[in-house]
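Reviewing the structure listed below.
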Amino acid sequence: MNFFAEVLIGGLLSGVMYALVAIGFVLIYKASGVFNFAQGAMVFFAALTCVGFMDKFGLSLWLAIPATVLAMIILGLAIERVVLRPLVNQPEITLFMATIGLAFFIEGLAQLIWGSQVHKLDIPIEDVPSEYLMEKFNIIVSKFDLTAAAICGVMVALLAVMFAKTKVGRALRAVADDHQAAQAVGIPLQRIWGILWAVAGMVALVAGLLWGARNGVQFALTFIALKALPVLILGGFTSVPGAIVGGLIIGASEKLAEVYIGPHVGGGIEGWFPYVLALLFLLVRPEGLFGEKIIRRI
């Protein structure tokens with residue numbers, strides 16, 4: 001029973017970090033209708049930029065992080081101004097293809113500036129078992145996973161407060177509901193989109209630092225975004241709570257499947273099991289757990 005709890009808790013903690021990446025997609029899609037395929041590239045760019053500031057300029061982690069925050073805000077604003085704004089009112093497939101091209105550009109730009117070698121990112125979080133949980137419950141859970149999940153939880157809470165309580169958040173919700181109506185009451189659409197892309201850049205930074213510290217800062221970080229796809233399918237593309245719930249489901253299910261099903265099928269199913277789960281879910285509820293159900297009349 002303790003082993004099951006360890007696997008489940010480890011999966012849930014990974015799921016919180018998946019959810020943070022998925023929220024980056026939700027923020028952009030909800031307010032602009034753009035599926036931002038470049039979110040994974042932004043995660044990679046953020047982590048590599050932070051490491052670059054530390055390695056090439058000798059900054060400490062606590063100075064590199066604010067510098068990277070500024071860089072991600074500039075990147076987000078530039079994306080909105082140069083890519084998104086000229087494509088307003090274009091078909092959704094055009095915007096989607098633009099973000100695919102943007103993803104390759106950001107990946108190349110990051111490696112052009114900082115190099116393509118793998119970097120180690122040291123953050124002051126030990127990847128050792130929690131002594132409290134070992135002594136109290138006889139469960140082995142990494143301090144790194146617990147701290148990373150807590151950081152992601154705080155980030156999600158801050159985003160929820162921003163959406164619910166601030167003037168910018170109310171404007172974002174208005175833009176998400178109806179672009180034309182928001183413009184009619186004086187909400188500056190381009191400015192709101194710029195803020196949204198800047199926030200998505202900061203979300204990418206937090207995700208990049210945590211995943212980079214765990215797996216190393218390397219090109220493979222761009223594939224973290226692909227793991228967010230089943231999260232979005234389960235939770236719904238327009239729901240922040242859906243991204244959280246979907247992340248927890250995907251994180252827990254992939255770990256449990258790897259441990260309990262993997263040995264019977266040769267192992268290595270952690271990488272593809274979430275996509276199978278998402279495909280099965282699409283057949284039952286295509287709009288996701290928290291998505292709005294669309295009724296089509298024939």
Side-chain angles (χ1 to χ4, degrees), residues 1-24 40 42-69 71-72 114 117-159 202-225 227-228 231 244 247-248 250-256 258-259 270-271:
M1 188 63 185
N2 284 354
F3 179 68
F4 174 82
E6 290 172 7
V7 175
L8 179 60
I9 292 172
L12 291 173
L13 295 177
S14 294
V16 175
M17 292 200 287
Y18 291 151
L20 184 62
V21 179
I23 286 173
M42 292 173 69
V43 170
F44 173 58
F45 184 92
L48 192 57
T49 299
C50 186
V51 172
F53 280 135
M54 294 168 66
D55 290 348
K56 291 193 175 182
F57 296 101
L59 298 182
S60 67
L61 177 64
W62 305 114
L63 291 177
I65 289 177
T68 309
V69 168
M72 295 308 296
W114 306 113
Q117 65 271 26
V118 178
H119 296 270
K120 182 181 179 182
L121 176 58
D122 291 319
I123 60 178
I125 306 174
E126 292 183 308
D127 192 7
V128 296
S130 169
E131 296 176 359
Y132 175 80
L133 293 177
M134 287 181 63
E135 295 175 359
K136 191 75 174 178
F137 303 102
N138 196 28
I139 295 175
I140 299 175
V141 179
S142 170
K143 286 183 179 180
F144 181 91
D145 290 342
L146 290 169
T147 306
I151 293 171
C152 292
V154 170
M155 187 76 180
V156 171
L158 290 175
L159 290 172
M202 287 187 283
V203 170
L205 171 60
V206 176
L209 290 176
L210 295 176
W211 284 107
R214 166 178 279 181
N215 301 328
V217 179
Q218 54 186 312
F219 183 78
L221 284 179
T222 59
F223 300 119
I224 296 296
K227 189 60 71 73
V231 173
I244 298 169
L248 295 175
I250 291 299
S253 62
E254 71 174 10
K255 297 295 184 185
L256 292 172
E258 179 66 28
V259 171
E270 184 177 351

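Taking each heavy atom of G247 and V231 in turn, the nearest pair found is N-CG1, 3.3 Å. Listed here is the closest heavy atom pair of L20 and C152: CD2-SG, 3.7 Å. Listed here is the closest heavy atom pair of A252 and L12: CB-CD2, 3.8 Å. Shortest non-hydrogen contact noted between G208 and A47 is O-CB, 3.5 Å. T68 approaches A64 most closely through the heavy-atom pair OG1-O, 2.7 Å. Contact record, V21 with A228: CG1-CB, 4.0 Å, taken as the closest heavy-atom pair.
If you look at F44 and W211, their ring centroids are not closer than 6.0 Å.
Here the CG-CG distance, from L61 to L209, works out to 7.0 Å after rounding to the nearest 0.5 Å. For the atom pair CE of M54 and CG of D122, the computed distance is 7.0 Å after rounding to the nearest 0.5 Å. Distance check, rounded to the nearest 0.5 Å: CD1 of I139 to CD1 of I9 gives 4.5 Å. Atoms NZ and CD1, from K143 and I125 in turn, are 11.5 Å apart once rounded to the nearest 0.5 Å. With rounding to the nearest 0.5 angstrom, the OG1 atom of T49 is 10.5 Å from the NZ atom of K56. How far CG of L146 is from CG of L133: 6.0 Å, rounded to the nearest 0.5 Å.
When side chains are defined from C-beta on, L256 counts as touching F4, because their heavy atoms get closer than 4.5 Å. In this structure, L63 and F57 have side chains that are not in contact, with every pair of non-hydrogen atoms separated by 4.5 Å or more. Looking at F144 and I123, their side chains come closer than 4.5 Å, going by heavy atoms from C-beta outward. The shortest distance between side-chain heavy atoms of K227 and E254 falls below 4.5 Å. Contact annotation: the side chain of L248 approaches that of V16 to within less than 4.5 Å [non-hydrogen atoms, C-beta and beyond]. Between P66 and F53, every side-chain heavy-atom pair lies at or beyond the 4.5 Å cut-off.
One N or O on the side chain of E258 and one on the backbone of E270 form a donor-acceptor pair closer than 3.5 Å.
No more than 12 heavy atoms of other residues, nucleotides or ligands sit less than 6.0 Å from atom CD of E131.
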